[in-house]
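Single-structure report; data block below.
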Amino acid sequence: MGSAPSPHPSSPTFSVPSSILIIGSGVFGLSTALALTRRDAFAQSAITIVDRSDSSQPGAFPAPDAASVDSSRIIRADYADPAYTALCNEAQVEWRKQDNPTDLGAQGRYHESGLLLVGDAVPPAPVAAPAEGGLKPKMTGMDYARGSWANVQFLASNDSSSPAARISELPNPDAIRDALGTGGSSGSWGYINANSGWANAGAAMAWYLDKVRQTGRVEFVAGTVASLEHSDTTVTGAKLSDGRVLSADLVVVAAGAWTGGLVDLAGQAVATGQVLGYLDITETEQEALSAMPVILNLSTGLFVIPPVDRVLKVARHAYGYINPTRPTHPPLPLHPHSASPSHPADPVSLPLTHLTTPSLQIPADGAADLRRALSEMIPWPSLANRPFSKTRLCWYSDTANADFLIDYHPHWQNLFVATGDSGHAFKFLPVIGDKITDCIARACPPQFRGKWDWRVREKTPAGLGMAVVTEDGSRGGTPGLVLAEELAKAGEVVPATE
Ligand SMILES: Cc1cc2nc3c(=O)[nH]c(=O)nc-3n(C[C@H](O)[C@H](O)[C@H](O)COP(=O)(O)OP(=O)(O)OC[C@H]3O[C@@H](n4cnc5c(N)ncnc54)[C@H](O)[C@@H]3O)c2cc1C
């Protein structure tokens, strides 16, 4: 068991809650549960975790449409921000453990295939992003790639576990083509980092779930939280859609892209849907791709992950689609005094997935972009017209600068949020719960102080609930696309079903 680090001197005092309710068992929620069980300070705290499911079902932790569940996620220290580079380096110590079948990285849960990170010379059109103090200049994908190149080189010069010899600059499209090895190329400059790779996300979450269950300390509840329970200024628990109430001294909302349906996140984070396509390939095709690295173009957001079990995955890390929805229950308002049960809730962007909408399709522009990724990155005639065997809309909780939102609520007591994953949190699975627990203990790691805080936007005008646009330079596509409008447009119709 470990003990919590000392609180920051300016932090409000922290008293250990006797009961903690975590809403959501994705990367943020599940890893927090495990970290709490490992801390002496929380040895007497009762820990409950609830995840979305119909009470007639046995429940899944996390739900199958959670962002944390998929065949693969990129594991990279390749960040333009050195704080995340260092955090991933910490996580990779765990991902690289593979000697025993019970190690996190064993049994195909982690593959160090290398990552080819590229950008295009011509930046996309600048975006007018709402930001503190006016418009923020957009960092380009190329800026991000070059910043990342500098950070991983610095890391390599200081850490023998990520040797510099495994990182090479690729100064032009031909060099990129040679490194990719599929005959395709993408971007005009980039580098390959053989210290990065990918994880089987679903299998890694199952490994984590097992670890949490083994502690015997966490109660799992299958049910959907409809609203948070509160007294005057204090959150006291959660009410489930079947009427059950779960009470706790501390409520941690880690509901991913669904968080805005429970807590007003206007100006903080917005749910954006991202497209993925899966292609069945032959054994021979898989063999031919067996040595390919992950490739990610930060200007277009398009990426391909090496195939496994004869399935090739193509995806787009983009501004995504928003899905304005009027929640059945109004989310908890920013200020306790503005709680008005009779007032209809403003629309917020909420996930629409194949689980709740089996007929869901991915929009034509997304399908066309996935095809573009294939034709650039693996330009094989045999794949050009092969239909996707499966597609999916997967949801990010996006913040304006892609920093997570891990903090106490500024106005409600006993409420903590761990969200704002911004489409890049999976890699931190082995370490993020520990950092979240530090923040719960009011001892946020110094390098993330200010980054993960609740953003000071007390005067967000009405209607701006969906006006967050992520401007970290990593996103392709067009900001502000509305899912329903894009679905209504003609094009290749691809069911978003699993
Ligand atoms: C297409 C795509 C590609 C990605 N690629 C990468 C990558 O390559 N590398 C990387 O590091 N990261 C990647 N990510 C990001 C990563 O997957 C996420 O950052 C991470 O999984 C987010 O975890 P989470 O716990 O915040 O959310 P989730 O995993 O979505 O978990 C939230 C949980 O809360 C539950 N919940 C929601 N509402 C309620 C409610 N009302 N009641 C009860 N339970 C509720 C949900 O059912 C869900 O299980 C990608 C994400 C997507 C979508």
Side-chain angles (χ1 to χ4, degrees), residues 21-33 49-53 59-79 84 87-88 91 95 115 196-199 201-202 204-205 208-209 221-228 238-241 246 252-263 269 271-277 294 296 301 303 305 313-318 320 327-329 331 350-351 353 355-356 362 366 391-398 402 404-406 417-429 432-433 436 474:
L21 172 65
I22 302 172
I23 302 173
S25 62
V27 164
F28 281 10
L30 201 60
S31 65
T32 302
I49 195 161
V50 57
D51 206 310
R52 243 171 79 247
S53 48
F61 302 94
D65 57 352
S68 304
V69 180
D70 196 2
S71 55
S72 52
R73 290 284 180 261
I74 305 171
I75 308 297
R76 58 172 168 106
D78 309 76
Y79 272 87
Y84 291 98
L87 189 61
C88 182
W95 285 117
L115 166 69
S196 296
W198 61 277
M205 290 306 291
Y208 248 80
L209 179 62
V221 175
T224 299
V225 173
S227 57
L228 298 183
K239 186 171 199 167
L240 306 191
S241 53
L246 304 172
V252 177
V253 186
W258 289 265
T259 305
L262 297 175
V263 180
T272 67
Q274 310 287 332
V275 289
L276 295 129
V294 175
L296 167 59
F303 63 98
I305 296 192
K313 182 174 125 181
V314 192
R316 186 178 67 175
H317 178 61
T328 326
H329 301 274
L350 288 177
T353 75
L355 200 65
T356 49
I362 65 167
T391 62
R392 177 177 173 189
L393 270 176
C394 181
W395 293 80
Y396 297 171
S397 166
D398 267 337
F404 306 148
L405 176 59
I406 298 175
V417 290
T419 188
D421 71 283
S422 302
H424 67 97
F426 192 86
K427 61 187 70 63
F428 305 117
L429 175 65
I432 193 72
I436 293 172
S474 72

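Indexing begins at 1, ligand by ligand and atom by atom, following the structure's order. All figures in this text were calculated on a predicted structure; none of them were measured in a lab. Atom set for the values below is all heavy atoms of this structure, side chains included, hydrogens, waters and symmetry mates excluded.
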Open item on the list: To the closest 0.5 Å, what do you measure between CZ (Phe303) and NZ (Lys313)?
Closed with: 5.5 Å
Open item on the list: When you compare the side chain of Phe428 with that of Val27, does any pair of heavy atoms fall below 4.5 Å?
Closed with: no
Task: ligand 1 N/O within reach of Lys427 N/O, cut-off under 3.5 Å - done: yes
Open item on the list: Please identify which of these residues, Leu246, Val253, Val221, meets the side-chain contact (heavy atoms from CB on, under 4.5 Å) condition with Leu21.
Closed with: Leu246
Task: Any His329 side-chain heavy atom under 4.5 Å of Leu262 side chain - done: no
Open item on the list: Could you work out, with side-chain hydrogen bond (donor to acceptor under 3.5 Å, both in side chains) as the rule, every residue matching Ser68, not counting sequence neighbours?
Closed with: none
Open item on the list: Please list, in number order, the atoms of ligand 1 under 4.0 Å from a heavy atom of Thr224.
Closed with: 41 (N), 42 (N)
Open item on the list: Using side-chain heavy atoms (C-beta onward) and a distance below 4.5 Å, is Leu393 in contact with Val275?
Closed with: yes
Task: For atom 15 (C) of ligand 1, the protein heavy atom that lies nearest, with its residue and separation - done: Gly423 C, 3.4 Å
Task: Partners meeting side-chain hydrogen bond (donor to acceptor under 3.5 Å, both in side chains) with Asp78 (sequence neighbours left out) - done: Tyr191, Asn193, Ser196
Open item on the list: Regarding ligand 1, does Asp421 bring an N or O atom to under 3.5 Å of one of the ligand's N or O atoms?
Closed with: yes
Task: Any side-chain heavy-atom pair of Lys427 and Arg73 under 4.5 Å - done: no
Task: Flag side-chain contact, heavy atom, 4.5 Å: Ile74 against His424 - done: no
Task: ligand 1 N/O within reach of Ser25 N/O, cut-off under 3.5 Å - done: no
Task: Sub-4.0 Å atoms of ligand 1 with respect to non-hydrogen atoms of Gly24 - done: 33 (C), 34 (O), 35 (C)
TODO: Check each atom of ligand 1 against the heavy atoms of Gly256 and keep those under 4.0 Å away; list them by number with element.
DONE: 26 (O), 27 (O), 32 (C)
TODO: Mind telling me whether Phe404 and Tyr84 have parallel, tilted or perpendicular rings, with 30° and 60° as the class edges?
DONE: perpendicular
TODO: Compare Gln274, Arg73, Arg52, Arg76 and give the one whose heavy atom is closest to atom 13 (C) of ligand 1.
DONE: Arg73
TODO: Report the member of Val27, Ile74, Leu30, Leu393 with the shortest heavy-atom distance to atom 8 (O) of ligand 1.
DONE: Ile74
Task: Closest protein heavy atom (residue, atom, distance) for atom 16 (C) of ligand 1 - done: Phe426 N, 3.6 Å
Task: For Ala63, the ligand 1 atoms whose distance to one of its heavy atoms is below 4.0 Å - done: 47 (O), 49 (O)
TODO: May I ask you to test the Leu209-Ser25 pair for a side-chain heavy-atom distance under 4.5 Å?
DONE: no
Task: Atom indices of ligand 1, in the order listed, that fall short of 4.0 Å to a heavy atom of Tyr396 - done: 2 (C), 50 (C), 51 (C), 52 (C), 53 (C)
Task: Nitrogen or oxygen of Trp258 less than 3.5 angstrom from that of ligand 1 - done: no
Open item on the list: Does ligand 1 come near enough to Ala257 that some N or O of the ligand is less than 3.5 Å from an N or O of the residue?
Closed with: no
Open item on the list: I want to confirm something. Looking only at heavy atoms, which of Gly26, Ala254, Ser68 is nearest to atom 23 (O) of ligand 1?
Closed with: Ser68
Task: Donor + acceptor pair across side chains of Ser397, Thr259 (<3.5 Å) - done: no
- [ ] Measure the distance from atom 53 (C) of ligand 1 to every protein heavy atom, then report the residue, atom name and distance (to 0.1 Å) of the closest one.
- [x] Cys394 SG, 2.2 Å
- [ ] Report yes if some heavy atom in the side chain of Leu429 is under 4.5 Å from a heavy atom in the side chain of Trp95; otherwise report no.
- [x] yes
Open item on the list: Under 4.0 Å from a heavy atom of Gly223: which atoms of ligand 1 are those, numbered in the order shown and with their elements?
Closed with: 43 (C)
Open item on the list: For a 4.5 angstrom cut-off between non-hydrogen side-chain atoms, does Arg52 reach Leu355?
Closed with: yes
Task: ligand 1 N/O within reach of Trp395 N/O, cut-off under 3.5 Å - done: no
Open item on the list: Please state which option from Val69, Asp51, Val225, Leu228 has its nearest heavy atom closest to atom 46 (C) of ligand 1.
Closed with: Asp51
Open item on the list: List ligand 1 atoms under 4.0 Å from Leu276, heavy atoms only on the residue side.
Closed with: 1 (C)
Open item on the list: Geometry only, no angles: is Ala418 polar-contacting ligand 1 at N/O separations under 3.5 Å?
Closed with: no
TODO: Do me a favour and list the nearest non-hydrogen protein atom to atom 30 (O) of ligand 1 with residue, atom name and distance?
DONE: Ala67 N, 3.0 Å
TODO: Could you tell me which atoms of ligand 1, counted from 1 in the order shown, lie closer than 4.0 angstrom to a heavy atom of Pro62?
DONE: 49 (O)
TODO: Answer yes or no: does an N/O atom from Ala425 fall short of 3.5 Å to an N/O atom of ligand 1?
DONE: yes
